[in-house]
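As the structure is a computational prediction, the values presented were derived from the model and not from experiment. First listed ligand is number 1; within each ligand, the first listed atom is number 1.
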Amino acid sequence: MLGVDVAVKTFRDACTTAPVVPPISVFIVKLAELCNINCRYCYMYNLKDVSYLNRPKVMAARTRDALIARIREHAQEHKLARITLMLHGGEPLLAGKAYIEGWAAAARSGLAGDTEVLLAMQTNGILIDDEWCEIFGRHDIRLGVSIDGPRAYNDKYRVDHRGAGTFDLAVAGYRRLMRIEAGRGHKPALLSVANPEIPPREMWNLWRSLEARFVDFLLPHYTHDDPPPFDLRLLSDWMIALFDLWWEHDDPEIEVRYFRNIINLILGSTFSMDYLGGKPTGIVVIESDGAVTGYDTLRACEEGLIELGFNVRENSLESARTHPIFRLCNHPGAFLSPTCARCRVRDVCGGGFITHRYSRERGFNNPSVYCDSLLAIISHIERRVAAELRQAEMAADCIALSRR
Ligand code: SF4
C-alpha cells in the first residue's frame, strides 16, 4: 500500500491551496464490469487493480436508481444546462437489450427537466446487431466504438478470451451502426489506442475507409513504474506523421479530437479533455456497485487507488467533489510537478494525463511518462499552426494592398 499512501499524500499536500473543481457534468457509468474480449493492455482487467472481482458484474436496478437520483440532485443544485451520461464497462452491451432499454428509460424519465441529457455509450462493437441499432435510435444513445488500428495490429492486442482477433466483428458492428446512424444525422465516434507499430499511413487509411467522422486516440496506460515498452521517439514520430496526414488532408468532415484539442489549447482555449491541457473538467466515474471513483484508469497505477470512500447509495456527488483525488483528476493542471511548472508548453500539455504521471515513489508529482512525445507533438503543431497563421496574415495583407 506504500504507493497508495504516497499518492494520497501528494494529493492532500497539493490540494490544500487548490481551487474547487467545477460541478460534475460528465458521468461515466461502469454498468457492466465484465467483458466478452480480453485486450492485452486493458486497465480494467489486466493491469494493477482487480477490484472488479468484488463488484457486481452488472449494476443493480436500485444502484442505478440511486445514481440517477444523485445526478438529478447535482444537476438541480448547480443548475446544469447539459450533462453527458456515458454508459461504459467492461462491455456495456453484455448487460443485455432489456437492461439497456431499462437504463435509458430510467435515465430519460429520472432526469427529465431543465437539464439536457446526452446519453452515450462506449462499446467494442462486437455485439451490435440491427436490434441494438434500433434501441440506440429509440433512446437517442450516441455510440463510440473501439478499434485499435488495421486488422494485424488490432488483433495483436484486442483479442477474445481464446486469443483470437476481434477486428472483423468490431468493424462489422461499426459499419452496421454507420448505416443506421447516418439516417439519424450523425455518425459513431471511433476510438483507438495509439500504437507506434502501426505505419501512420495505414492508420489514416483505416479511418478513411471506415468513413470516420469523429476519431480520437488515447495513449496506452503506462506509469513511471511500468514505462511504455517502446521508444518514445517512435511515438513522437507516429503522432507527428498522423497529424500531418490529417492537417494536409484538410477536410473539416474528419475530426481527430486529440489534435483538435492541442490546436484549441495553443490558441488559448480554456477547455480541455481529461488527458491533455490540464484544465478543469467535471468528470466522475461510478462503479457497478455505486462507488464514486477518481478516474477509472488509475487502476493502471496501483491496487485500491480508485477508491474514494463514497457510494451513491449513501453519499451525494457533492461530497465526493471535495475529495483530494477527485480534485486532482478534475483539475490536473493545478497540480504540476516542478518540471511541468517550468515547462514552456505546460498550458497546452497540462502535465499529461494523471495516470501517466504516477510512480510509487513520488505519487503524481512527476511529468507524464510521455513527456518527450507530448513536447514533440505540441511543438510540431505549434509550428504548423503558426505557419498557417502567417500565411493567412500575408494573404490578408495582399488583399488589402490590392484594394488600395
Ligand atoms: S511536456 Fe512534459 S514537462 Fe511539459 S507539461 Fe507536459 S509532461 Fe510536463
Practice task
May I ask you to list the protein N, O or S atoms found at less than 2.8 Å from atom 2 (Fe) of ligand 1?
Solution key: Cys371 SG
Completion exercise
Across all chains, not counting sequence neighbours, the side chain to side chain donor-acceptor pair (under 3.5 Å) partners of Thr355 are Thr297
Handout entry: Passing candidate, side chain to side chain contact (heavy atoms under 4.5 Å, CB included) with Leu219, options Asn195, Val193, Leu235
Key = Leu235
Exercise for the section: Before accepting this row, confirm whether a basic side-chain N of the pair Asp296/Lys30 lies closer than 4.0 Å to the acidic partner's carboxylate O. Expected result: yes
Handout entry: Donor-acceptor side-chain pairing of His224 and Glu361 below 3.5 angstrom
Key = no
Handout entry: Centroid-centroid under 6.0 Å between Tyr295 and Tyr275 rings
Key = no
Practice task
Please name the residue in the list Val312, Ile24, Val292 that meets the side chain to side chain contact (heavy atoms under 4.5 Å, CB included) test with Arg70.
Solution key: Val312
